[in-house]
Amino acid sequence: MTFQDPYAAQREQLAQTIREKGLRDLAVLDAIRETPRHLFVPEDQRERAYDDNALPIGENQTISQPSLVALMTSLLSLNPNDCALEIGTGSGYQTAILARLCRQVVSIERIETLSLRAQAIHQQLGLENILHVVGDGTLGYPALAPYKGIIVTAGATEIIPPPLLEQLSSEEGHMALPLGDRESQWLTLVVKRGESLFMRRYGQCMFVPLLGEYGW
Ligand code: SAH
């Protein structure tokens with residue numbers, strides 16, 4: 001197995017690094033071990049695919065830092081039967097991690113070329129539980145709502161897009177998103193319980209801006 005996949009050792013090392021940074025969610029760490037990040041980065045970046053860093057993916061966008069992907073995924077507390085919504089497919093790496101942890105992922109990207117590229121890689125990996133949507137993710141995707149998990153991988157303003165709050169399950173729905181200004185944001189977890197919302201801030205982070213009707 002290892003000799004067929006020259007990147008397996010690097011993936012194991014990355015999972016260790018993320019664990020040492022404090023993430024103890026075993027299901028998420030396994031998903032990191034199983035997901036070939038080198039396929040999601042441009043060929044000239046492959047050597048750096050398993051460093052714990054964000055990397056450029058073209059179209060002025062980036063693939064997020066793996067430890068941040070792992071933390072945000074873990075904050076969603078997904079169960080295998082849950083449905084999740086992702087805003088900002090980008091490279092499709094975060095999408096692939098989510099697809100291993102729940103029943104169905106809806107992933108919205110506004111740039112069609114990125115969505116199509118991600119779709120091809122997901123197909124190659126045999127991930128069949130992803131619905132790729134091209135459009136404005138700040139509007140969500142009402143057709144399959146409510147979602148137990150919503151993740152926004154672009155920096156939102158201080159105001160959470162109302163359609164996303166509406167489409168979050170009122171039975172312990174978890175939403176992870178960066179809220180703040182264009183340059184830096186606070187990673188925020190929102191939990192919806194009935195009509196109540198609970199918010200908790202984690203560390204500071206830097207995402208490309210969330211554009212669209214309820215974005216910048
Ligand atoms: N999860 C991705 C991160 C990509 S960067 C990864 O790890 O690769 C954020 C992405 O959000 C960009 O591709 C950008 O085009 C997209 N984006 C920004 N605003 C959006 C919107 N309103 N709807 C959908 N996608 C959006």
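One-based numbering, in listed order, for ligands and for the atoms of each.
Nearest to atom 18 (C) of ligand 1 among the protein's heavy atoms is Pro209 O, 3.7 Å. For atom 26 (C) of ligand 1, the closest non-hydrogen atom on the protein side is Arg110 CG, 3.5 Å. Protein heavy atom at the shortest distance from atom 6 (C) of ligand 1 is Ser91 OG, 3.5 Å. Among all non-hydrogen protein atoms, the one lying nearest atom 12 (C) of ligand 1 is Gln61 OE1, 3.2 Å. Regarding atom 11 (O) of ligand 1, its nearest protein heavy-atom neighbour is Gly88 CA, 3.2 Å. Nearest non-hydrogen protein atom to atom 1 (N) of ligand 1 is Thr153 OG1, 3.1 Å. Atom 22 (N) of ligand 1 has Leu211 O, 2.7 Å as its closest protein atom, hydrogens excluded (heavy atom only).
Atoms of ligand 1 found under 4.0 Å from any heavy atom of Ile111, numbered from 1 in the order shown, are 15 (O). Below 4.0 Å from some heavy atom of Glu86 lie the following atoms of ligand 1, by number and element: 1 (N). Remark: ligand 1 atoms within the under-4.0 Å shell around heavy atoms of Gly137 are 21 (C), 22 (N), 23 (N), 24 (C). Short contacts between ligand 1 and Thr62, defined as distances under 4.0 Å to a heavy atom of the residue, involve ligand atoms 3 (C), 4 (C), 5 (S), 8 (O). Below 4.0 Å from some heavy atom of Leu210 lie the following atoms of ligand 1, by number and element: 19 (N), 20 (C), 21 (C), 22 (N). Remark: ligand 1 atoms within the under-4.0 Å shell around heavy atoms of Gln94 are 1 (N). Each of the atoms 3 (C), 6 (C), 7 (O) of ligand 1 lies under 4.0 Å from some heavy atom of Ser64. Less than 4.0 angstrom separates some heavy atom of Val208 from each of these atoms of ligand 1: 5 (S), 9 (C).
Looking at heavy atoms from C-beta onward, Met175 lies out of side-chain contact with Leu76 at the 4.5 angstrom threshold. For the pair Thr157 and Leu179, the minimum side-chain heavy-atom distance is 4.5 Å or more.
There is no side-chain donor-acceptor pair under 3.5 Å between Asp52 and Thr17. The closest side-chain donor-acceptor pair between Gln94 and Thr73 falls under 3.5 angstrom. For the 3.5 Å distance criterion, the side chains of Ser115 and Glu109 fail to qualify, holding no donor opposite an acceptor. Between the side chains of Arg37 and Tyr50, no donor-acceptor pair of N or O atoms lies under 3.5 Å. Looking at Gln119 and Gln123, their side chains never bring a donor and an acceptor atom within 3.5 Å of each other. A donor-acceptor contact closer than 3.5 angstrom links the side chains of Thr35 and Arg100.
Looking at Arg48 and Asp51, no side-chain N of the basic residue comes within less than 4.0 Å of a carboxylate O on the acidic one, giving no salt bridge.
Of all the heavy atoms of Glu109, the ones lying under 4.0 Å from any atom of ligand 1 are found in both the backbone and the side chain.
Note: Tyr7 OH to His38 NE2 = 5.0 Å, rounded to the nearest 0.5 Å.
One N or O on the side chain of Asn129 and one on the backbone of Cys102 form a donor-acceptor pair closer than 3.5 Å.
For the ligand labelled ligand 1, residue Val69 lies outside the 4.0 Å heavy-atom shell. Between Ala118 and ligand 1 there is no heavy-atom distance shorter than 4.0 Å.
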